[in-house]
Amino acid sequence: SIPTSAASHDTEQLQEEQRVRSMLRENFLRCLLSVNNKKVHFHMLEKVNVEATFGSSDIDVLNFQVSDLHTPIGVQKEALIRSRDVISFTFDL
Amino acid sequence: MLCDWLHLGPQEWLQFVNKEVKVKAGNDDELRGWLHTVDPVSASLVLVTFGHQGASVVVLMGHAVRELQVLREADEVTSQRLRTCFLPHRKPRLEP
Amino acid sequence: SFLRSSVAPPTERPGERRAAEMKKLYGDDAPKILAMEAAMQLTFDRNCDLKQPNYWPVIPLKL
């Protein structure tokens, strides 16, 4: 059987990790919420740079739903951008 | 430090939070900013730089991170701004 | 409990598995994170239904 002190130590460690993960995730979700309706600049692979109005993101951060996407060949009213294509996106608070 | 950024855990990501970091990303990009948080799901970073008026935010995809270097720790004022910059704004309401 | 564990069919209510996973990842904060995620995903799904966005670029970019 496992000594009680070791078991409770493991539980404490697990709870600490859960606490940190929650804090990091909550802060990230708040950040994503704050981008709503803001002008964002996407810096993408292959030196592609585009501007759009940010709409929303799925919770797995696989897709960004945007409006008024200024592509090199014109404006696309509504679009989905794959996060795999993105290096970073920038906006002002 | 060179690192397998995607496969670090919450405790390890936490070590970089509240620090000014320099990140090499994609092929030849270099970004700099205060690390607000790291998404534990996608390993994406939120980097903030403060200006005179407001703040500029970069969300950097976890998959694009190549190298990360800590430049310095935040002082009390910067920590406070970092903690509160994404909280919903509550402007004091002046009731007549 | 004997009846419950061995005779009852292995039913799983929708969302139960996800709730258990969330509990493992986020501990006591799981309900809060789950609620925030649900609201965000709902917004995303609703916007996609409403606006019918197409992927841009059509073909994924390569490194």
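Below, read A as the first sequence line, B as the second, and so on, with proteins coming before strands; counting in each chain starts at 1.
To the nearest 0.5 Å, the span separating NE2 on A:H41 from CG on A:D92 amounts to 12.0 Å.
Shown are A:V50, A:V66, A:L80; of these, the side chain to side chain contact (heavy atoms under 4.5 Å, CB included) with C:W56 is made only by A:V50. Under the side chain to side chain contact (heavy atoms under 4.5 Å, CB included) rule, C:Y26 has a single partner from A:Q18, A:R19, A:M23, A:R25, which is A:R25.
Of the atoms belonging to C:L50, not a single heavy atom falls under 4.5 Å from chain A. When heavy atoms are compared at a cutoff of 4.5 Å, A:I81 approaches chain C by way of both its backbone and its side chain. With a 4.5 Å cut-off on non-hydrogen atoms, A:Q76 touches chain C through its side chain but not through its backbone. Within the 4.5 angstrom heavy-atom criterion, only side-chain atoms of A:L32, from C-beta onward, approach chain C. With a 4.5 angstrom heavy-atom cutoff, C:K32 touches chain A only via side-chain atoms. If you measure heavy-atom distances from A:N63 to chain C, the contacts under 4.5 Å come from both the backbone and the side chain.
Closest approach of A:F89 to A:V86, counting heavy atoms only: N-CG1, 4.4 Å.
Between A:E17 and A:R21, at least one side-chain nitrogen of the basic residue sits less than 4.0 Å from a carboxylate oxygen of the acidic one, meeting the salt-bridge criterion.
Ranked by heavy-atom pairs shorter than 4.5 Å toward chain A, the options C:T43, C:D29, C:L25 are led by C:L25.
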Check the pair A:D58, C:Q41 against side-chain contact (heavy atoms from CB on, under 4.5 Å), reporting the backbone distance first and the verdict last. CA-CA 5 Å; A:D58 56 25; C:Q41 188 66 41; 3.6 Å; yes

